[in-house]
Amino acid sequence: MRKYTNVFDLGNLEIALSEASEIKQDRYKFENLGRHKTCLLIFFNNSLRTRLSTQKAARNLGMDVIVLDVNQGAWKLETERGVVMDGDKSEHLLEAIPVMANYCDIIGVRSFARFENREDDYTEKILNQFIQYSGKPVFSMEAATGHPLQAFADLITINEYKRNQRPKVVLTWAPHPRALPQAVPNSFADFMNEANVDFIITHPEGYELDPVFVRGAHVEYDQQKAFEGADFIYAKNWACPGVTRPEDYGKILCKDMNWMVDATHMSWTNNAFFMHCLPVRRNMIVSDDVIEAPTSLVIPEAANREISATVVLKRMLQAL
Ligand code: AN0
Ligand code: CP
């Protein structure tokens, strides 16, 4: 595998899931694969889970790891070509990428949507520069439009907890005080559309996700209807994706607290499991009792981030 940005990079999901369970049974099975190989993790944004689980995954494979927080201690990076660099940015990404690539074999990048320009975000301008100019395998640790390590961990979790062959999985929008990217819901939809699940998306009007990710999924604007008979509820906030009204891209259109997932919402379901990628704001997205219930999978989901990252890094090492 030379890049990992979406579900199609994984190929057959059944095979990917069986590799995940092989690694979960013995996470050190491939501990010699990464000897004398270095994984560089570059963060333009904050992280707890991705930062820790990806380092752990690299170490499971015997790799060395370097972590760079671009905004803490490195030179401020210019990302636009043609800019007269007379401001606060001392270095250009076009030099920084090949320089950083010298010191490693595989690169992970976290670079969230900036919400300045929809086209820049949806063409993955920053991530694609790493792919183009590093000459190294690159994986997304949440880029502008996707978070495929999270979605793979979510799929692993659903596969572990499902009670029937084809569970009903609902992705629901929920309220949040700040504008958040669409990366997590996009990738979740990307994966669920290829998985053996009955997939429904529910959100207020105006929050339609990009058709590249929604594909044939059923979109239901009535949240209660969507929740009926659900086996898994996956909650996430996202800001306006600007599909129907490009001028609203990145805006908060709705703060309706009736969309928060609480015990009443869960009572509409088939005793569903609750999922969220974390970090989560309690009593905005989900009530205390729902996230603390035995049916909450937020912790096992986060634990599976180590597994999804180990599978992806293993495949990248095998292709070096
Ligand atoms: C980020 C987001 O919504 O994309 C990261 C989630 C994994 N969340 C926040 O910024 C709170
Ligand atoms: N779920 C997730 O990616 O969490 P972090 O932002 O803490 O890495």
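Counting starts at 1 for both ligands and their atoms, in listed order.
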Under 4.0 Å, heavy-atom basis, I'd like to know which part of L278 is in contact with ligand 2: side chain, backbone, both or neither.
backbone
Pair Y249-F115, ring pair (Phe, Tyr, Trp, His ring centres under 6.0 Å): steps then yes or no:
CA-CA 7 Å; Y249 177 59; F115 290 144; 5.4 Å; yes
Are any of the N/O atoms in P279 less than 3.5 Å from those in ligand 2?
no
Out of E142, R49, H147, M141, whose heavy atom is nearest to atom 3 (O) of ligand 2?
H147
Under 4.0 Å, counting heavy atoms only: does P181 come that close to any atom of ligand 1?
yes
Protein contact to atom 2 (C) of ligand 2 [nearest heavy atom, distance to 0.1 Å]
R305 NH1, 3.3 Å
Quick check with a 6.0 Å cut-off and a 45 degree axis cone: is R51 positioned over the face of F43's six-membered ring?
yes
Side chains of V243 and L209: does their closest heavy-atom pair fall under 4.5 Å?
no
Taking N or O atoms only and a 3.5 Å limit, does R110 qualify as a polar contact for ligand 1?
no
Show the numbers, then the answer: is there a side-chain hydrogen bond (donor to acceptor under 3.5 Å, both in side chains) between N128 and K125?
CA-CA 5 Å; N128 280 327; K125 202 168 164 186; over 6 Å; no
For atom 7 (C) of ligand 1, find the nearest protein heavy atom and state the residue, atom name and distance (0.1 Å precision).
E142 OE1, 3.4 Å
How long is the gap from OG on S287 to CE on M260, to the nearest 0.5 Å?
5.0 Å
Among all the protein's non-hydrogen atoms, which is closest to atom 7 (O) of ligand 2, and how far away is it?
L48 N, 2.7 Å
Sidechain N-carboxylate O distance under 4.0 Å for E228, K168
no
L278, portion touching ligand 1 at heavy-atom distance under 4.0 Å:
backbone
As a test of understanding, state which of R49, Q55, K56 forms a side chain to side chain donor-acceptor pair (under 3.5 Å) with E306.
K56
Among E142, M141, R110, which residue satisfies the side chain to side chain contact (heavy atoms under 4.5 Å, CB included) criterion with S47?
R110
Ligand 1-proximal atoms of K236, by part, heavy-atom distance under 4.0 Å
side chain
Side chain, backbone, both or neither: which part of R178 has a heavy atom under 4.0 Å from ligand 1?
neither
Return the residue, atom name and 0.1 Å-rounded distance of the protein heavy atom closest to atom 8 (N) of ligand 1.
L180 CD2, 4.2 Å
Take the angle between the ring planes of H276 and F274 and call it parallel below 30°, perpendicular above 60°, tilted in between.
parallel
Starting from atom 6 (O) of ligand 2, what is the nearest protein heavy atom, named by residue and atom, and what distance separates them?
R110 NH1, 2.8 Å
Any nitrogen or oxygen of N46 lying under 3.5 Å from a nitrogen or oxygen in ligand 2? Just yes or no.
no
Looking only at N/O atoms, are H147 and ligand 1 under 3.5 Å apart anywhere?
no
Between R305 and T310, does any side-chain donor sit less than 3.5 Å from a side-chain acceptor?
no
